[in-house]
J.: 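Let me give you the structure first, and then I'll get to my questions.
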Amino acid sequence: MIASIAFRNFKALRSTRVALAPFNLVIGPNGSGKTSLIEAVMRLKTLSKLPVAEGEPRQKSGGPEIEFTFNAPHDGLTARLGCISDSVCDTLRISPAHAPGWPALRADLGGLRSYALQHEAMAGGARRDDGAELSPSGHNLAAVLAHLRDAAPAEYAALTAELLRIVPEFVGLEVRERAGEVDFGLRLAEGGTVPADELSQGSLYLVAVLALAFDPEPPCVLCIEEIDRGFHPRSLREVRDALYRLSHPQAHGLSRRPVQIITTSHSPYFIDLFRDHPDEVIISEKHGRAAQFARLSDRADLADLLGGSTLGDLWFSGILGGVPEER
Amino acid sequence: MKLALLSESLVDETALRVLVAAVVGRPLKFASPGFRARGWPHVMQLLPAVLRHLHFNTDADALVVVADSDDTAVHTARHEAPGYFHPQCRLCQLRAVHRQTVKNLAPARGREQVLRAVGVAVPAIEAWYLCGREAAVTEAAWIEGRETGRAPYTRAQLKLRVYGTDRPSLPHAIACALREVERQRHDPRRLEHDFPGFAFLAADLRAVPNIH
Ligand SMILES: [Zn+2]
């Protein structure tokens, strides 16, 4: 989908370019541009809904600029965001101008989604008609589950089976409706149901990640911040698998088109899971006030380093970069 | 008779339980949940703590540990000589850590020490899974490849052959591993023959008193 993003003078991303794979795990210290990367993708979504700017850019030179390229069938098409400041990007230019592929690409970009899931938000109930697409915080999780149950029973059954496999202390997912309101809970093997607002944070995040993974109409790009949040380290493999279900559907026996994933994590245990796929890891590195991106697989000595350490420990140690600066 | 198992994933643990039972000839009780390490260096770091814990806090008789050799030296008959230790051989290293750890522990729970059952899969446990299905996948083939500078296969290729994808889900990986080790369930001799790194594990298991 998105092949690369080049940044100029956008927040800490003074001058850097990142090539994107189907799956992208971005690791680095706070303030190193992980969130800015996702923000840039969401600004592309917003501006793609507006008419494309024509003529010469009116921004003063040196202002923030973000340039996107795309994979086939939209290779050769470039989208450039022009910004007045770090917080206001107001023009989108495409080249070549009037590219015939733009309407189709624009439709895909309109469906981009970004998540910063919040367990407090997910624990509450929702309005039944607030379903179909999970909101950025996950606050309508109950409605999304109700919608999935009614509109896509096969996916709902698969989600439930996967959930109960991962948390075997539960034997059922219950979605209850009352006067336009909907909530959910997990049924215990020994009887009784734990309502969402009494579930562990990890269980809530798991239900939300599975709701995304089993979405019958997923977006073409999905960004999730702090994907490891709330999970026991031993459960992170399941979380990665759920995301791979989206980014590599063929590996899961699915024929739908891949969803490009951009996610972030601060967990060495999650990072460990990418030992065999260093091409999926992007390190964001901060030097003073400027940040840059680098692909882990570009590190020539990585195989030698991994002979004596885990990937997560290598990252924590500072050998790979992407650690906070110290005085 | 109770065994504990230290492995790198639930996939490995599930398959190893089958292989261990195949050697012993009967189902065994395993401490659950199994102990988990995050890759080779972590296995070595954890081993003393796992042994100490098992020795004083559990009734486990032996600890099963299996590591991948990756590109390190392969344990051969020469390493079996008394007092021999190859610093780049993971089997020698694991045995040494076991030996050094248990010799310093006072007897507990009616036993002298937690016994070892150590194996090393060359170059990765997926090679064991393919035993009996792909005749070209053997420890000897890997050693020859190392000597001639032409590896017969890569670890990634072995994984791909077992799982059919380089990104298997956990249940899919477990199902594939179980399907493959089914060939060894009633007779592990082929696996012992083709993979001496498994035969050393089997020998350790058979040396555990009252295991059969
Ligand atoms: Zn040796």
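Here is how names work: the chains are called A, B, and so on, in the same order as the sequence lines, proteins then strands, and each is numbered from 1.
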J.: Give the member of B/Pro168, B/Pro33, B/Ser9 that has the highest number of heavy-atom pairs under 4.5 Å with chain A.
T.: B/Pro168
J.: Under the 3.5 angstrom rule, does the side chain of B/Lys29 hit a backbone N or O of B/Met1 as a donor-acceptor pair?
T.: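 The answer is no, because no donor-acceptor pair under 3.5 Å joins these two groups.
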J.: Within 45° of the axis and under 6.0 Å from the centre of the six-membered ring of A/Phe214, does NZ or CZ of A/Arg245 qualify?
T.: yes
J.: Under a 4.5 Å heavy-atom cut-off, does chain B meet the side chain of A/Glu238, its backbone, both or neither?
T.: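 For A/Glu238, side-chain heavy atoms alone lie under 4.5 Å from chain B.
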J.: Does any heavy atom of chain A fall under 4.5 Å from the side chain of B/Ala37, the backbone, both, or neither of them?
T.: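 Neither part.
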J.: According to the interplanar angle, ranging from 0 to 90°, do the rings of B/His75 and B/His79 count as parallel (below 30°), tilted (30 to 60°) or perpendicular (above 60°)?
T.: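 Correct class here is perpendicular.
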J.: Given 3.5 Å as the limit, does a donor-acceptor pair link the side chain of A/Ser203 with the main chain of A/Leu199, or not?
T.: no
J.: I need the residue from B/Leu170, B/Thr72, B/Asp70, B/Asp71 with the largest number of non-hydrogen atom pairs under 4.5 Å to chain A.
T.: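 Going by pairs under 4.5 Å, I would pick B/Leu170.
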J.: Please verify the inter-ring angle class for A/His266 with A/Trp315; under 30° counts as parallel, over 60° as perpendicular, anything in between as tilted.
T.: parallel
J.: B/Pro171, B/Ala156, B/Gly164: which one forms the most heavy-atom pairs within less than 4.5 Å of chain A?
T.: B/Pro171
J.: Kindly compute the distance separating CZ (B/Arg38) from CG (A/Asp313), expressed to the nearest 0.5 Å.
T.: 5.0 Å
J.: Against chain A, label B/Asp166 side chain, backbone, both or neither, depending on which of its atoms sit under 4.5 Å from a heavy atom there.
T.: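 It is both, since atoms from each part get that close.
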J.: Just so I understand: if I count every heavy-atom pair under 4.5 Å between each of A/Ala251, A/Gly307, A/Pro233 and chain B, which residue has the most?
T.: A/Ala251
